Amino acid sequence: MSSPSKGEWLKPGDVLQKLKAKKRALKARINQGIRKQALESSQLSCFKGTSQKRTNPFRCGGDDGDAKRPRLAPAAAAPEPSMDQTLFEILRSGVGDVRTEVGGRAAPAPAAGPATGPARSASFVGLLSATATQKQQELQVDAAPKGVPDLPTDWGLKTKIRFLSKTPFPWTSRLKTLEEASAVTSCVRCLSTEQSGLDTSPNARLHRHALYWQHPWLPWLQLFPRLNRRPTGPRSLFVDPAMQDLLRTEWGESLRSLFQLLRSRQCPFFYVCASSFCCLFRSAGVGGITDTHAIITPTSRGLRDLLKRDDVQFTLPLRPGAPRPATSAPECAPESITSASESAGGSATDAVSGSPPPAASPGEGQTEPSSPAAGEDVLEASEDEDEDAEHWLERMGIQADAMPGMHSTRRKLQQESNSDGRPESTALVTGGDVYALLNFLLNSRACVAASGPLAGVPPTLLAPVGFQGASLQPLKVRHGTVQQARQTLHSFELAGPVMPHAVAGLVRLVRSSHDQFTVSLSGVRGGEALSRLPAPGPLAAPSVFGQQGLSDCGLEPDLVETLCQPPPAEGAPTAVLREVTCQEGLYTW
């Protein structure tokens with residue numbers, strides 16, 4: 001074979017022949033060297049057998065010592081395979097394995113090499129197959145669906161909700177006459193737009209979910225939000241005591257009418273928004289609690305003391321170590337509710353006619369009286385230590401007045417005040433104590449601001465259904481586009497008191513036309529505690545009983561089912577919604 005001239009391209013066959021020639025030449029040189037070493041060693045051994053070695057007079061051990069061991073010939077080292085040979089062996093073994101797997105024939109006995117047996121995992125083929133398997137597993141994990149098909153109920157009041165999507169929304173900023181009329185009729189008569197024969201256009205359905213009921217409604221005053229609002233603005237117009245009493249009387253009638261709807265399960269929930277707290281009343285079966293109940297957040301030590309004076313028993317379920325909400329307390333409801341004030345001077349009388357609801361013993365399912373409030377079990381140890389410290393000081397002859405910091409009462413008040421305005425101060429009222437709470441709201445002057453632009457204005461009532469004296473108001477809707485991450489996104493925003501049923505209805509409305517969108521929600525300060533109420537105990541009734549009881553509440557059945565779901569269990573994500581993402585019908589937040 002003629003060697004290729006300089007500058008010519010070599011074919012793969014020429015390269016393989018050249019490598020085989022080098023391999024044969026190397027093997028021949030190695031074999032020749034082994035033969036030469038073996039011949040020399042045999043000649044040396046023959047020479048040593050015939051000649052006499054001179055005795056060394058200085059050798060240790062004298063003449064009787066053993067003779068020096070002859071030096072053995074070094075063993076011929078096996079030639080180390082070259083890199084090219086190793087690569088060809090690995091590829092040859094990998095190809096053989098692949099052919100055997102594809103053809104379905106029995107695999108031949110593998111030859112000894114670097115890529116056989118357990119060593120195959122370290123070969124190129126083994127590493128490549130392991131890498132491909134790992135990537136495939138990662139793709140399967142990434143392709144698994146993430147999220148939940150339905151959102152939990154966030155009971156916190158929202159002030160704004162905004163939807164963003166890459167595709168435009170099907171509704172417009174202007175309503176037609178038929179669309180507005182259908183939405184108002186559906187809201188006032190509590191009719192479903194799909195079953196009542198009304199207009200089912202996207203604009204009509206959007207306007208239906210944007211309507212709510214409010215009392216009082218004073219257009220020149222901002223009555224929501226009122227919690228922790230700074231008293232800025234002109235002085236209130238209701239400075240005349242007669243005007244204030246008249247306004248409060250009308251407000252009491254509206255609250256009484258709304259509570260009667262709640263008690264008869266014609267209204268699932270409603271809010272009482274005051275300047276220092278927000279109270280959520282929920283019907284029996286809502287949230288997994290079998291009794292009518294109310295949640296007050298946030299509370300202060302002064303407000304809790306006023307509730308105790310009016311015999312309103314409550315618990316603090318969010319305080320560490322507090323028991324779960326009671327679910328088996330009997331509901332002792334009075335027969336009728338009468339006027340809260342007899343004269344314009346504001347003389348307080350009981351709003352509940354007849355005797356107050358009897359207080360059941362703890363063994364009958366009622367919760368313990370809240371004289372030290374809920375969560376008192378956590379503070380019992382510290383109180384006992386404080387009493388022991390005071391007794392020890394008295395035995396030592398030291399008066400407790402000399403060390404004010406050692407007073408157990410003062411330390412207890414400081415510990416209770418530390419949770420004021422925080423989620424831990426949320427109070428839960430259940431059973432017959434809800435009527436005592438209603439009397440407190442009707443008669444107490446602590447619910448009305450004494451100064452500022454809202455001085456003399458009673459708290460704001462918000463409900464999903466109509467009640468006596470209520471005003472039907474819409475949320476403010478604004479459409480537009482937003483630039484985000486160099487993308488133009490379509491958006492629409494609703495501002496105002498957005499209640500839980502409106503959030504669920506709007507999300508489902510957008511989901512019916514979009515597979516991918518995001519929702520941003522901003523709520524009232526302190527409203528997150530309403531969604532962090534722990535799940536009721538094992539005696540809680542299933543949600544199906546609450547759905548049957550609220551079948552005539554005016555909301556759609558799917559919304560009622562969502563409202564009756566109990567809070568998430570311990571360890572699950574909370575139902576506080578701030579940023580919600582929808583991907584292919586699954587929600588993450």
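This one's a predicted model, so the numbers in the text were calculated from it and none came from an experiment.
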So, does Ser425 use its side chain to make a donor-acceptor pair with the main chain of Arg422 at under 3.5 Å?
-> yes
Assess the pair Phe269 and Trp155: is the distance between their ring centroids shorter than 6.0 Å?
-> yes
Mark yes or no for whether Ser264, through its side chain, and Gln260, through its backbone, hold a donor-acceptor pair below 3.5 Å.
-> yes
Only counting residues at least two apart or in another chain, list the ones meeting side-chain hydrogen bond (donor to acceptor under 3.5 Å, both in side chains) with Ser522.
-> Thr159
Side-chain donor-acceptor pair under 3.5 Å between Arg226 and Thr460, yes or no?
-> yes
For Pro474 and Leu211, work out which heavy atoms get closest and say how close.
-> CB-CD2, 3.7 Å
Nearest heavy-atom approach of Cys553 to Cys267 is CB-N, 4.4 Å
Taking every heavy atom of Trp251 against every heavy atom of Pro459, the minimum-distance pair comes out as NE1-O, 2.7 Å
Is a side-chain N or O of Ser551 found less than 3.5 angstrom from the main chain of Gln548, in a donor-acceptor match?
-> yes
So, Asn443 side chain and Asn439 main chain: donor-acceptor pair closer than 3.5 Å or not?
-> yes
Would Asp291 and Thr430 count as having a side-chain donor-acceptor pair, cut-off 3.5 Å?
-> no
Chi angles and distances behind the side chain to side chain contact (heavy atoms under 4.5 Å, CB included) call for Phe467, Ser254 | CA-CA 7 Å; Phe467 57 95; Ser254 298; 4.0 Å; yes
Heavy atoms of Lys158 and Val503 approach each other most closely as CG-CG2, 4.4 Å
Indicate yes or no for a side-chain donor-acceptor contact from Arg248 to the backbone of Leu442 under 3.5 Å, with no hydrogens or angles considered.
-> yes
Quick one: do Ser520 and Glu579 satisfy side-chain hydrogen bond (donor to acceptor under 3.5 Å, both in side chains)? Show the steps, please.
-> CA-CA 5 Å; Ser520 301; Glu579 295 287 339; 3.0 Å; yes
Going by atom types only, do Thr299 and Arg304 share a side-chain donor-acceptor pair under 3.5 Å?
-> yes
Arg532 versus Thr297, side-chain donor and acceptor atoms under 3.5 Å | no
Contacts of Phe163 meeting ring pair (Phe, Tyr, Trp, His ring centres under 6.0 Å) (sequence neighbours excluded), chain-then-number -> Phe492
Under a 4.5 Å cut-off applied to non-hydrogen side-chain atoms, are Tyr212 and Pro497 in contact?
-> yes
Between atom OG1 of Thr315 and atom CG of Leu428, what is the distance when rounded to the nearest 0.5 Å?
-> 4.0 Å
Mind listing the closest non-hydrogen atom pair of Ser491 and Leu164 along with its distance?
-> CB-CD2, 3.2 Å
Say whether Gln214 and Ser471, considering side chains only, have a donor N or O and an acceptor N or O under 3.5 Å apart.
-> no
Under a 4.5 Å cut-off applied to non-hydrogen side-chain atoms, are Trp589 and Leu521 in contact?
-> no
Do Phe259 and Tyr435 have their ring centres less than 6.0 Å from each other?
-> yes
Return yes if a side-chain donor-acceptor contact under 3.5 Å exists between Ser186 and Arg208, otherwise no.
-> yes
Sorted by chain and residue number, the side-chain hydrogen bond (donor to acceptor under 3.5 Å, both in side chains) partners of His293 (sequence neighbours excluded) come out as Arg282
Would you say the side chain of Val457 lies within less than 4.5 Å of the side chain of Val448, judging by non-hydrogen atoms?
-> no
Might you work through the side-chain hydrogen bond (donor to acceptor under 3.5 Å, both in side chains) test for Arg265 and Thr292, ending with a clear yes or no?
-> CA-CA 10 Å; Arg265 298 190 179 184; Thr292 303; over 6 Å; no
Are any side-chain N or O atoms of Asp154 and backbone N or O atoms of Gly156, one a donor and one an acceptor, separated by less than 3.5 Å?
-> yes
How far apart are the closest heavy atoms of Tyr271 and Cys278, and which atoms are they?
-> CD2-SG, 3.9 Å
Going through the distances and angles, do Leu472 and Trp213 end up as a side chain to side chain contact (heavy atoms under 4.5 Å, CB included)?
-> CA-CA 5 Å; Leu472 182 63; Trp213 298 90; 3.7 Å; yes
Using 30° and 60° as the class limits, which term best fits the ring planes of Phe517 and Tyr587: parallel, tilted or perpendicular?
-> perpendicular
